[in-house]
Amino acid sequence: MNFDKNSLNKLRSLSDKELIKILKDIAKEAGIDSENLKISKGDVVKIRAFLSVASDDDIAQLITRFGGQK
């Protein structure tokens, strides 16, 4: 999965339902049981806030933690 500022802006513009689906898909790719993963509205607010201020280094670290590549 490749993220850049445009990708992050697109993620932030998704509806809550769409964003939660994407997050669960990412979790599943990372080996997390996404069927039982609960993402609250509060979680979505925090994730949107992070995406709005995340630096390229923050994004790279996050991707690395989930076993992905930048």
Side-chain angles (χ1 to χ4, degrees):
M1 191 167 288
N2 186 13
F3 287 103
D4 57 22
K5 288 294 182 185
N6 288 333
S7 299
L8 295 178
N9 287 335
K10 287 179 185 178
L11 281 175
R12 284 194 348 251
S13 70
L14 295 173
S15 71
D16 288 354
K17 186 175 180 177
E18 292 169 322
L19 182 56
I20 289 170
K21 181 184 180 326
I22 296 292
L23 293 169
K24 287 187 174 193
D25 289 346
I26 292 169
K28 185 176 181 179
E29 287 179 24
I32 297 169
D33 178 13
S34 62
E35 293 294 321
N36 295 317
L37 182 63
K38 303 295 182 210
I39 302 173
S40 71
K41 294 283 185 176
D43 295 332
V44 171
V45 169
K46 291 175 187 177
I47 290 166
R48 287 185 195 282
F50 170 77
L51 294 175
S52 68
V53 298
S55 69
D56 290 342
D57 287 339
D58 293 333
I59 296 162
Q61 288 177 15
L62 186 61
I63 292 170
T64 300
R65 287 183 187 156
F66 277 96
Q69 300 176 20
K70 184 172 180 182

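Residues: numbered from 1 along the sequence shown.
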Donor-acceptor check, side chain of [X] to backbone of [Y], threshold 3.5 angstrom: yes or no?
X     : Y     : value
Asp43 : Ser40 : yes
Ser15 : Glu18 : yes
Asp58 : Ser55 : yes
Arg12 : Arg48 : no

Spatial distance of atom NZ (Lys46) from atom CG (Leu51) [nearest 0.5 Å]:
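Result: 14.5 Å between the selected atoms.
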Could you grab the distance from atom NZ of Lys24 to atom CD of Glu29, nearest 0.5 Å is fine?
15.0 Å
Intermediate values then yes/no, side chain to side chain contact (heavy atoms under 4.5 Å, CB included), Lys41 and Ile20
CA-CA 9 Å; Lys41 294 283 185 176; Ile20 289 170; 5.8 Å; no
Asp33 versus Leu37: any side-chain heavy-atom pair under 4.5 Å?
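No, their side chains stay 4.5 Å or more apart.
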Which atom of [X] lies closest to which atom of [Y], heavy atoms considered:
X     : Y     : value
Ser34 : Lys28 : OG-CB, 3.7 Å
Leu11 : Ile22 : CD2-CG2, 3.7 Å
Ser52 : Ala49 : OG-O, 2.7 Å

Shared hydrophobic cluster for Phe50 and Val45 (ILVMFWY, side-chain gaps under 4.5 Å):
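Unlinked, Phe50 and Val45 end up in two clusters.
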